[in-house]
Amino acid sequence: MQVRQQVVEEQNAGAGTASPLSVVLPGGAIQPGTAVSAGTDLPLLLALAALATGGTAAWVAVGVPELGALAAAQAGLNLATGLVVADPGPRVAPVLGALLESVPVVLVGSAVRLPDRAVRRLRALMRRSGSVLLAQDGWPGAELQLRVTSAGWEGVGRGYGLLRGRRVTVTGGGRGSAARPRQAELWLPGPDGLVGMVERRAEEALVDERRPGLRVVG
């Protein structure tokens, strides 16, 4: 299908530069035709959207009123190819169905709730079209489930200084190939506003080496 072909082409175009998020993704990429839960962390949702679009593919955000143009652009999304549907109204299922048939990447806000029957129809539609659904908070039957388990800003010391970036731990799991747990420490965002790998300082690595391992007693 046309949407599936566009998603694959965009992912192949960006294959030369691996994303830091690849560490927590099965196969290192978001597979076409899948649903991904990003937890409640908006920066993680936007970083996944930037990865899925490859910076050029079309995308749409449905029911994500807190999404701003500046945040989307800083995360790497192309505003020229994006559309925002702040309130899809009571007919949200048909709206999502029409979008998933024609737009490669669809972001869904946490307030969007659908009955199981509608979710099953959308899942079948996604498999046919190859579109990707990225859900804020959760999505029933999502093949991949990611979330930020810890987060903290760095750069301010003793009450003064400049924020350098937000250091987070992202964990992933899911169904099928995503069943094996994955974890990564990332900048989200980093000093450049984008997602980046955390290079652990020497003293941190030394502490981990000296920390005794857990053992079963009794």
Side-chain angles (χ1 to χ4, degrees), residues 7 9-32 34 36-57 59 61 64 66-82 104-105 107 132 134-137 142 144-158 160-174 177-178 180-209 211:
V7 171
E9 288 176 352
E10 297 299 338
Q11 290 184 342
N12 289 339
T17 305
S19 166
L21 283 169
S22 299
V23 177
V24 292
L25 301 174
I30 300 173
Q31 302 303 318
T34 61
V36 182
S37 170
T40 58
D41 195 78
L42 183 60
L44 177 58
L45 179 72
L46 296 181
L48 290 168
L51 173 62
T53 62
T56 58
W59 59 276
V64 192
E66 66 272 34
L67 174 60
L70 179 60
Q74 288 180 336
L77 285 169
N78 186 347
L79 298 183
T81 62
V105 180
L107 287 68
V132 169
L134 304 174
Q136 187 181 34
D137 196 8
L144 179 60
Q145 299 169 2
L146 302 177
R147 63 192 180 101
V148 172
T149 54
S150 67
W153 286 91
E154 292 195 2
V156 176
R158 297 188 179 183
Y160 63 90
L162 298 175
L163 290 175
R164 179 163 159 261
R166 191 176 69 128
R167 183 169 173 169
V168 304
T169 299
V170 177
T171 60
S177 60
R180 181 174 65 85
R182 293 174 171 83
Q183 183 172 290
E185 287 188 78
L186 304 172
W187 292 110
L188 189 61
D192 58 357
L194 301 176
V195 59
M197 290 294 298
V198 171
E199 294 186 6
R200 305 184 70 191
R201 294 186 291 268
E203 57 269 25
E204 291 179 310
L206 183 60
V207 168
D208 280 352
E209 289 178 1
R211 182 178 294 127

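This is a predicted model, so every value here is computed, not measured.
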Looking at [Y], is its backbone amide N or carbonyl O close enough to the side chain of [X] to form a donor-acceptor pair, meaning the two atoms are under 3.5 Å apart?
X      : Y      : result
Ser22  : Gly28  : yes
Ser37  : Gln136 : no
Thr169 : Thr149 : no
Arg167 : Gly165 : no
Trp59  : Asn78  : yes

Just to verify, which of Leu46, Leu51, Leu48 counts as forming a side chain to side chain contact (heavy atoms under 4.5 Å, CB included) with Leu134?
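Running side chain to side chain contact (heavy atoms under 4.5 Å, CB included) over Leu46, Leu51, Leu48 with Leu134 returns exactly one hit, Leu48.
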Among Leu107, Thr53, Ile30, find the residue that satisfies the side chain to side chain contact (heavy atoms under 4.5 Å, CB included) test when tested with Val132.
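Of the listed options, the one satisfying the test is Ile30.
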Run the numbers on Leu144 and Thr34 for side-chain contact (heavy atoms from CB on, under 4.5 Å), then give the verdict.
CA-CA 8 Å; Leu144 179 60; Thr34 61; over 6 Å; no
State, yes or no, whether a side-chain contact exists between Pro26 and Arg182 at a heavy-atom distance under 4.5 Å.
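Side-chain contact under 4.5 Å: yes.
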Just so I know, are the side chains of Arg166 and Pro43 near enough to count as touching, which here means a heavy-atom distance under 4.5 Å?
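Side chain of Arg166 against side chain of Pro43, heavy atoms only: contact under 4.5 Å found.
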Over all atoms of both residues, closest heavy-atom pair of [X] and [Y]:
X      : Y      : value
Val24  : Val170 : CG1-O, 3.7 Å
Gly76  : Leu194 : N-CD2, 4.2 Å
Thr81  : Ala57  : OG1-O, 3.2 Å
Ala47  : Leu188 : CB-CD1, 3.8 Å
Ala184 : Val23  : CB-CG1, 3.9 Å
Val148 : Ala151 : CG1-CB, 4.0 Å

Hey, what do you get for CG (Leu45) to CG (Leu67), rounding to the nearest 0.5 Å?
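Those atoms lie 8.0 Å apart.
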Counting only heavy atoms not in Arg147 (residues, nucleotides, ligands), do more than 12 fall under 6.0 Å from its CZ?
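Open: at most 12 neighbouring heavy atoms sit under 6.0 Å from CZ of Arg147.
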